[in-house]
**Q** 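Can you read through this structure? Questions will come right after.
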Amino acid sequence: MEDTQLQLTSTETKEQQNQRLVFAVNGERFELSSVDPSTTLLQFLRSRTRFKSVKLGCGEGGCGACNVLLSKYDSNLKQVEDYTVSSCLTLVCSINGCSITTTEGLGNSKDGFHSIHQRFAGFHASQCGFCTPGMCVSLFSALVNSEKNDHPQPPLGSSKLTSSEAEKSISGNLCRCTGYRSIADVCKSFACDVDMEDLGFNSFWKKEKTPDSKLLKLPFYDPKKICTYPEFLKNESMSPMHLKYQKRSWYTPVSMKELNSLLVSSVTEKGKMVKLVAGNTCIGYYKEVDQYDKYIDLRFIPELSTIKRTDSQIKVGATVSISKLIFALKEERDDDDDDDEGDMVFQKIASHLEKIASESVRNSATIGGNLVMAQRHGLPSDIATLLVAVKSEVTIMNGIKKVLTLEEFLAQPALDSTTLPLSVHIPFMKPNKNGYNSDKSDTKLLFETYRASPRPLGNSLAYLNAAFLAEVSPYKSGNHVINNIQLAFGAFGNKHAIRANTVENYLLGKTLSVGLLSESLKLLKANIQPEDDTSHSAYRSSLASSFLFEFLFPLLDSNASYIKSSRVRFDHYDEKRTLLSSSKQVLESSHEHYPVGEPITKTGASIQASGEAVFADDIPSPLNCLHGAFIYSTNPLAWVKGVEVKKDVHSVVSFQDIPKGGENIGAKTLFGPEPLFANELTECTGQRIAFVVADSQKNADIAAETAMVDYDTQDLEPPILTVEHAVENSSFFEVPSFIYPSQVGDFIKGMAEADHKIRSAEIKLGSQYYFYMETQTALAVPDEDNCMVVYSSIQVPEFAQSVIAQCLGIPEHNVRVITRRVGGGFGGKAIKAMPVATACALAAYKLNRPVRTYVNRKTDMIMAGGRHPMKINYTVGFKSSGKITALPLDILINAGISPDISPVMPWNMLGALKKYNWGALSFDFKICKTNHSSKSAMRAPGEVQASFIAEAVIEHVASVVSIDVGCVREKNFHTFDSLKMFYGGDSVGEFVEYTLPTIWDKLMKSSNFNDRVETIKKFNKCNTWRKKGISRVPILHEVSLRATPGKVSILRDGSIVVEVGGIELGQGLWTKVKQMTAYCLKAIQCEGADGNQLLEKIRVIQADTLSMIQGGFTAGSTTSEASCEAVRLCCDVLVERLVGLKERLEAQMGFVKWDSLILHANMQSVNLSASSFFVPEFTSMRYINYGAAVSEVEVNLLTGETKILQADIVYDCGQSLNPAVDLGQVEGAFVQGIGFFMLEEYSINSNGLVIADSTWTYKIPTIDTIPKQLNVHILNSGHHKKRVLSSKASGEPPLLLAVSVHCATRAAIKEARNQVRSWKGLEGSDSIFQLDVPATMPVVKTLCGLDNVDLYLQSLMSSS
């Protein structure tokens, strides 16, 4: 009886163990007996733990903001395995027995920061800080794993990481603020092979320090400081887990028998939905809205999770991760020296796999899952293409096991949920020595892989991928015989990877020649046919020809004169090479107003790195908090007949829920309001129709995504979707006369003086998405007495307060909007954040419960509006010398459906357009009202487009008169007199303030411009398939100061609290304000209150609309300096109040300490709080910023890829308030400009609905697409009497300098086009062409010639 009882107890304990989930987070134990199987690790961490550093940036594994370190313990090997995963994709049920480390687990402000945190702060590598925790974890993972390799032991305080490995550790992380250079320096500072001289500007040492002393100055790195896997977890019993949650279950079978049993039972349970789980990364690409009943974890079945290597193949289990496959393929075979070529194939496959997805995704994503997505959903898989090329096989199971070739597997009908791949068999390739020539012993195996994608590394789908395998033998003619060849292509707009069988059969057994290669390319074009509606279809077909040409051309007889002279060189990726080279930062700082002007680290940078900085969505949810998501229109103009929400939700809020006395208003500007929700009529895609409120953000998002809107277009005119259609319908917004700019000069006279005229040239410019790392977010909490407290990530809290009050029909004093910090704004968190906060407030008002939202990335991208698209027509008159005499412009600006800030665009654009002396400048602006989402301010709104227009005109004129474009630029530079004529004396200032000529000359020398021009000419002459271009471009950017409030209060202990109207967006506003406060208060000259001591006493606090009124907009680059001036006015009052008291106390006591002075001030009832409202004088509110940049690029003529080799910038910051902050602003703005000019396609469909709505389809710059070398000189141009301590703005103007990259690309394309003309036998130059913005790979390749390979081969055949 006792034995029976003991057995029952033992069984019960085992069952209980099976029904619990045990793991650790930052060393803390968590045990769950019930959890929704669909819950991601990110959702769990953010909602059920105190660890909020993991951020939701995209929900796709594409940004790295949610990266965590996952550690597993192998009880057999007694080893811990550590790797990063994307917590937004990882299901919490899949981490049983694992340990999770977030950046909070590395260190904090109380216990001490980790050296990673300290170095991020010290290298000025964190601006808004939203992406920084993920960056820290990615770097930490690389450091942890480097300790496990067999590299030599590094110097104390360093790691085993190489510089290349350190850089690549963050290649899967996105940052919109910094420009990456400083982040790369942080990573390389840990590398064992780094040259300390190569590290950029930081707060740890000055340039004159020796390398050894520099290493000692860095925060010490101790690789043993952090234990990633706690001991208590090693003692936990990790039995196969079976968790139940309501009607859903999670199963963990450990054998094929158990799996089969589960699958069979699933078939019999009709209506039950089953999900087979391994890495779960599929949800990053194919968003799930279904709720599954069964989750079956496949990772613990040995047959599916192991890799077996034999002499003939590698057998890879279906649940093996891509990272583990890469490791296995890289392992060299020691047993057979003759197998070098086979190893070569594996190594090249591995190298290619390292370029796809991010490391955190590769660590989880499985081979089987990738192939199933390719088979079932048509994923453009690189893996499928590579494995098809080497004739891989797949074992699948559907009741019985079956072995198929991968081609057969892909061609099958879509697999159902009960059919799964078991393993993939990758053959070990050997030459079969069975060639068509007599000398079989010389047969060689050739293998190459190719991919053309918007970025070389990371999360980016290829335009086309390919892999080619060939066996060739030398032939007596010097050419090669093709004994066997396999050509695989994928991602070109077809359902799956295919073999080009027709081309293979044509080449088989033939001797390679130019003619044969030419004919094979013709056959290939017929073979590679993208399906209808495939984007860039002609470009993709051209890539196929380019790749095959690159593979076979080197095999041609290299002794043939017509080939020998062709100078063919092809690029190949070098994984050991660093992405970035050493860059120079020259910062001219001033000590006159110490500590203003000092490059101190950004306030809050360390807590941003450690994850302690609180963003709006990090605020804990109040009791009974609900979550909202927007239902938006997918129709540009239609009646909304009804909305059907298919999921259970708490409420659906629409315009009908606006309270009596309230208004349907979601945003407003000086130029008019924008409705919160569509009424019966929706007038654009992306317009808010309703706000779904549910018990969680996930459920709200799913409900909104699956909601059905019933549209009716009866009796409606067609929507206006183009600016041309707007002109036809006279659909415009009015521009108030007081902000419409004035014409300059006499246009008729200027045209009469011209020797040449270009008439009606056209430019079209598209939009750009903000891509702030933190999407729109708000939390509304009902308060007593009919009040509402709203926490919003917004650049204009004051306006949100007004809009919310107007919507709810309550006084503004009943609405309190609080903003601590914003995770990136760039203008997108100004007007566009208002309706998000207002929708939460309306829902909270209706339900009398707290309501919050964190807008998902797709919805944010569809609703955002972004930068203004426009169409420009220009006519220009000019002399034969290149001097322009008149420039009339007709500009149509697509404003969308609401005015927003669009009427101010003409004023903004003219400030940048007037950068050159056009002789006479006339213009006609039309602000077109269209059925698109309203466009809004984005960093340098209008100015960046205007700067491009100016350069396009200059380039066009230079092409017509055949004069070097640099000479034409200089010919049209302003004199000081013409500058005053174009801008007016108030903006221009004194003669000494016109620093552009000095900057221009300084840049030419510092960039070694003339020598590089000659070097590039030689390079282009010697290289057929790579062309370089270089361009030097100036900017003039006019900015305006706005009225700004400030308040400084000294507390009883001598600490100081500062409030300003400006919002900290990452631009260093708080830092500069602290410096200004310390500088002003040190005038009291009190012991214990020098500049540094005061800095430690100052805290700048969050914006609160009931505390600091009239905060206005944080925009336009000048809010930092205006806030500093407001604070200076406050401090002047406090100094005046305290100096007299200090003098009286000194007379009594001899000397006075700061703390004592403040104590006595309190005792004597001295007012220790001062407020101010800085209103700039009209004559000094506007001024011009100057800068110039040289950019050098290299264009691959086969793919259209543009590499930015070097950029040199000289920028005038006046006397910088903080050179380190301004340096970060210059670099970040420049790189964001690169995105606009080169990368970011904000695509829409025929209805105007955004289709570039994810990290998969929208590409911002990344560490592998920025300039390889970025040199920046922050010029201290001396005193500017009317500026705030002689400082100038840095946030927006440098963005305009990125046009130099576009111009350099144009120069390279010009060389390519001239080369094509020579192949055609034509003389002269082909320099008049329009290079679109953005100049993406398809755009560049098209201009270089989609048929350039064919033309080249034809020229060879003609010459031979």
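The figures that follow rest on heavy atoms only: side chains count, while hydrogens, waters and symmetry mates do not.
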**Q** Compute whether any side-chain donor of one residue and acceptor of the other, for R540 and S535, lie under 3.5 angstrom apart.
**A** yes
**Q** Between Q1269 and L1205, is there a donor-acceptor pair closer than 3.5 Å when you use the side chain of the first and the backbone of the second?
**A** no
**Q** Quick one: pull up CG in L1198 and OG in S542 and give me the separation to the nearest 0.5 Å.
**A** 8.5 Å
**Q** Taking L523's backbone N and O only, do any of them form a donor-acceptor pair with N527's side chain (distance below 3.5 Å, no angle check)?
**A** no
**Q** Minimum heavy-atom separation for N1008 and D1011, please, with both atom names.
**A** OD1-OD2, 2.9 Å
**Q** When rounded to the nearest 0.5 angstrom, what is the spacing between CG in L457 and CG in L579?
**A** 6.0 Å
**Q** Quick one, P1294 and I1209 - any side-chain contact, counting heavy atoms below 4.5 Å?
**A** no
**Q** Under 6.0 Å between the ring centres of F447 and F551?
**A** no
**Q** Return the CG to CG distance between L1322 and N1314, rounded to the nearest 0.5 Å.
**A** 11.0 Å
**Q** Donor-acceptor check, side chain of Y1258 to backbone of Y769, threshold 3.5 angstrom: yes or no?
**A** yes
**Q** Are any of the side-chain heavy atoms of L543 and F492 separated by less than 4.5 Å?
**A** no
**Q** Report the C-alpha distance between L353 and L386 in whole Å, list the side-chain angles of each, state the deciding distance to 0.1 Å, and finish with yes or no for side-chain contact (heavy atoms from CB on, under 4.5 Å).
**A** CA-CA 9 Å; L353 294 180; L386 301 180; 3.8 Å; yes
**Q** What distance do L580 atom CG and D198 atom CG have between them, rounded to the nearest 0.5 Å?
**A** 11.5 Å
**Q** Could you pull out all donor-acceptor pairs under 3.5 Å where a side-chain atom in residues 1028-1035 meets a protein atom, sequence neighbours excluded?
**A**
from: R1032; atom 1: NH1; to: W1000; atom 2: O; distance (Å): 3.1
from: R1032; atom 1: NH2; to: E970; atom 2: OE2; distance (Å): 3.2

**Q** I'd like to know if the side chain of S460 pairs up with that of R455 as donor and acceptor (distance under 3.5 Å, no hydrogens or angles considered).
**A** no
**Q** Quick one: are T449 and D382 in side-chain contact, heavy atoms under 4.5 Å?
**A** no
**Q** Can you say whether the rings of H536 and Y463 are parallel (under 30°), tilted (30 to 60°) or perpendicular (over 60°)?
**A** perpendicular
**Q** Examine distances only and state if a side-chain atom of D185 and a backbone atom of G200 form a donor-acceptor pair shorter than 3.5 Å.
**A** yes
**Q** With side chain to side chain donor-acceptor pair (under 3.5 Å) as the criterion, how do S545 and K525 come out once you've worked through the C-alpha distance, each side chain's angles and the decisive distance to 0.1 Å?
**A** CA-CA 7 Å; S545 296; K525 287 180 182 177; 4.9 Å; no
**Q** Would you find a donor on one side and an acceptor on the other, under 3.5 Å apart, between the side chain of S351 and the backbone of K348?
**A** no
**Q** Does the R939 side chain pair with the main chain of E1292, one donor and one acceptor, at a distance under 3.5 Å?
**A** no
**Q** Locate the shortest heavy-atom distance separating A1312 from L1197; write the atom from each residue and the value.
**A** CB-CD2, 3.5 Å
**Q** Please confirm whether Y770 and F826 have ring centers closer than 6.0 angstrom.
**A** no
**Q** In Å and rounded to the nearest 0.5 Å, what is the CG to CG distance from L487 to L552?
**A** 7.5 Å
**Q** Which heavy atom in A166 sits nearest to a heavy atom in S169, and how many Å separate them?
**A** O-OG, 2.6 Å
**Q** Check the angle between the aromatic planes of W1025 and F549 and answer parallel, tilted or perpendicular using the 30° and 60° thresholds.
**A** perpendicular
**Q** Does any part of the side chain of I1251, heavy atoms only, come nearer than 4.5 Å to the side chain of T1257, both counted from C-beta?
**A** no
**Q** Compute whether any side-chain donor of one residue and acceptor of the other, for S1355 and S1358, lie under 3.5 angstrom apart.
**A** no
**Q** Does R1012 reach the side chain of V1190, with side-chain heavy atoms less than 4.5 Å apart?
**A** yes
**Q** Measure the acute angle between the ring planes of F948 and F1237, then classify it against the limits of 30° and 60° as parallel, tilted or perpendicular.
**A** tilted
**Q** Check whether any side-chain heavy atom of P1267 sits under 4.5 Å from a side-chain heavy atom of I1234, and report yes or no.
**A** yes
**Q** Can you list the steps and then say if F468 with F489 is a ring pair (Phe, Tyr, Trp, His ring centres under 6.0 Å)?
**A** CA-CA 9 Å; F468 306 146; F489 297 89; 5.2 Å; yes
**Q** Would E167 and Y180 satisfy side chain to side chain donor-acceptor pair (under 3.5 Å), going step by step from the backbone distance to the final call?
**A** CA-CA 10 Å; E167 279 182 340; Y180 298 99; over 6 Å; no
**Q** Minimum heavy-atom separation for L461 to S453, with atom names?
**A** O-CB, 3.7 Å
**Q** Are the charged groups of K1320 and D1326 less than 4.0 angstrom apart, N to O?
**A** no
**Q** What is the distance from atom NE2 of H352 to atom OG1 of T385, rounded to the nearest 0.5 Å?
**A** 7.5 Å
**Q** Test your reading of the model: is there a side-chain donor-acceptor pair from R176 to the backbone of G1228, 3.5 Å cut-off?
**A** no
**Q** Side chains of V960 and V957: does their closest heavy-atom pair fall under 4.5 Å?
**A** no
**Q** Angle class for the Y450/F547 ring planes (parallel below 30°, perpendicular above 60°, tilted otherwise)?
**A** parallel
**Q** A quick test of your reading: do over 12 heavy atoms of other residues, nucleotides or ligands sit less than 6.0 Å from CD of E762?
**A** yes
**Q** Which pair of heavy atoms, one from P1261 and one from E1240, lies closest together, and at what distance?
**A** CD-OE2, 3.4 Å
**Q** Any side-chain to backbone donor/acceptor pair from N972 onto I884? Under 3.5 Å, distance only.
**A** yes
**Q** Do we get R1313 above F1329's six-membered ring, with its NZ or CZ under 6.0 Å from the centre and within 45° of the axis?
**A** yes
**Q** So, Y1211 versus F1230, ring centres under 6.0 angstrom or not?
**A** no
**Q** May I ask you to decide whether K168 forms a salt bridge with E359, counting only side-chain N to carboxylate O separations under 4.0 Å?
**A** no
**Q** Work out which heavy atom in A912 is nearest to a heavy atom in L1296; give both atom names and the distance.
**A** CB-CD2, 4.0 Å
**Q** Taking K1027's backbone N and O only, do any of them form a donor-acceptor pair with E1311's side chain (distance below 3.5 Å, no angle check)?
**A** no
**Q** Tell me, yes or no, whether the heavy-atom count around K1002 atom NZ, taken from other residues, nucleotides or ligands under 6.0 Å, exceeds 12.
**A** no
**Q** If we ignore angles and hydrogens, is there a donor and acceptor under 3.5 Å between the side chains of K1341 and N1348?
**A** yes
**Q** Among L1356, L1353, D1350, T1024, whose side-chain contact (heavy atoms from CB on, under 4.5 Å) with W1319 holds?
**A** T1024
**Q** Are any non-hydrogen side-chain atoms of D1208 and V1210 less than 4.5 angstrom apart?
**A** no
**Q** Return yes when atom NZ of K1310 has more than 12 non-hydrogen atoms of other residues, nucleotides or ligands closer than 6.0 Å, and no otherwise.
**A** no
**Q** Any sub-3.5 Å donor-acceptor pair from S513's side-chain atoms to L516's backbone N or O?
**A** yes
